[in-house]
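Please read the structure below before turning to the comments.
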Amino acid sequence: MSSRRSRSRQQTGSSRNITDEQIADLVSKLQQLIPEIRNRPSDTQVSASKVLQETCNYIRSLHREVDDLSDRLSDLLATTDTDSAQAAIIRSLLSQ
Amino acid sequence: MASLISYLKFEEESKRKKLWKTGYELRDPNSRSETSWRSESEQRIYSTKLVDALRLVRRNPSTADKVSSFREIREAADRVLAVAAKGRTRWSRAILASQLRLRLANNMKHKRAKVTGCSRPKRLEKKRFSPTLQRKAGLLSRLVPGCRKVSFPNLLEEATDYIAALEMQVRAMTALTELVTGPPVDRLGSTSNS
């Protein structure tokens, strides 16, 4: 593996070799975040491919949730006309 | 546009700190100041800023149709989320940058065909990864904003942070919608009816 700075589309900075161990470490960190995998009873190592797949699925589902919530918010904010009252409510409840 | 100004400040600051050019450095996670997406205070700050942004959105009744109001809300939610990251992550900078580009394009009445400026996704050139892994890494890189050409370790780092941030976004927006629909429902037990 070339130790020169790669000028190509890859990372512009570090020229250090990334070890498999570091990658495995990152993958396991990611693994902990994903409920699909975290809630599994078995503690055996999940393959990196599976982790990546589940990560993609999870991010997509989060995107969908945000879209859905934005949609609901846009409906709600469009129909209500007492936004100052709501803002007061929200402020007071948020400042708890 | 306060968020615009703050983004430009972060850009300046990060250039000075060479954050843009950082490859994957083995940063000790304890020394790196990460946003704690799980903390209640972070969520509260986000919710407050989002409410402010949304009230600005509502003042513009010219965008009366549903699709554009949905767009505006989604963009406001993403923008506030990206600002909360304080310029530390690539995905947050990419979100702000792409929104800026859109705004500038619209202001100059110069509609470009593709404002995201994305090129064809390049295959990650890690020869020791199997094609399946490469493919999945490519999928992931498309989902996380601004990460199409980053190295695999960087991608995993960005994805980790991005997921935590998204989860906070969902929590905050869920709470917000409940508040907006919820005042008659006395779920909290002691809502003051003024």
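In the text below, chain A, chain B and the rest are named by the order of the sequence lines, each starting its count at 1.
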Residue B:R171 versus chain A: region with a heavy atom under 4.5 Å: neither

Looking at side-chain heavy atoms only, is the closest gap between A:Y58 and B:L143 below 4.5 Å? no

Do the side chains of B:L139 and A:L52 get nearer than 4.5 Å, heavy atoms only? no

For A:V66 versus B:Q169, what's the shortest heavy-atom pair and its separation? CG2-OE1, 3.5 Å

Side chain, backbone, both or neither of A:D67 within contact of chain B (heavy atoms, under 4.5 Å): both

For the residue pair B:R74 and A:H63, establish whether any side-chain heavy-atom pair is separated by less than 4.5 Å. yes

For the atom pair OG1 (A:T55) and CG (B:L155), what is the distance rounded to the nearest 0.5 Å? 9.5 Å

Are the side chains of A:L69 and B:I73 in contact, using a 4.5 Å heavy-atom criterion? no

Taking side chain as C-beta onward, heavy atoms only, is A:L30 less than 4.5 Å from B:I163? yes

Smallest heavy-atom separation, B:K136 atom then A:C56 atom, equals O-SG, 4.1 Å

Looking at OG1 of B:T174 and CD of A:E65, how far apart are the two atoms once the value is rounded to the nearest 0.5 Å? 6.5 Å

What distance do B:L140 atom CG and A:Q53 atom CD have between them, rounded to the nearest 0.5 Å? 10.0 Å

Which atoms of A:V51 come close to chain B, meaning under 4.5 Å heavy atom to heavy atom: side chain ones, backbone ones, both, or neither? neither

Atom pair NZ (A:K29) and OG1 (B:T160), whose distance is rounded to the nearest 0.5 Å: 7.0 Å

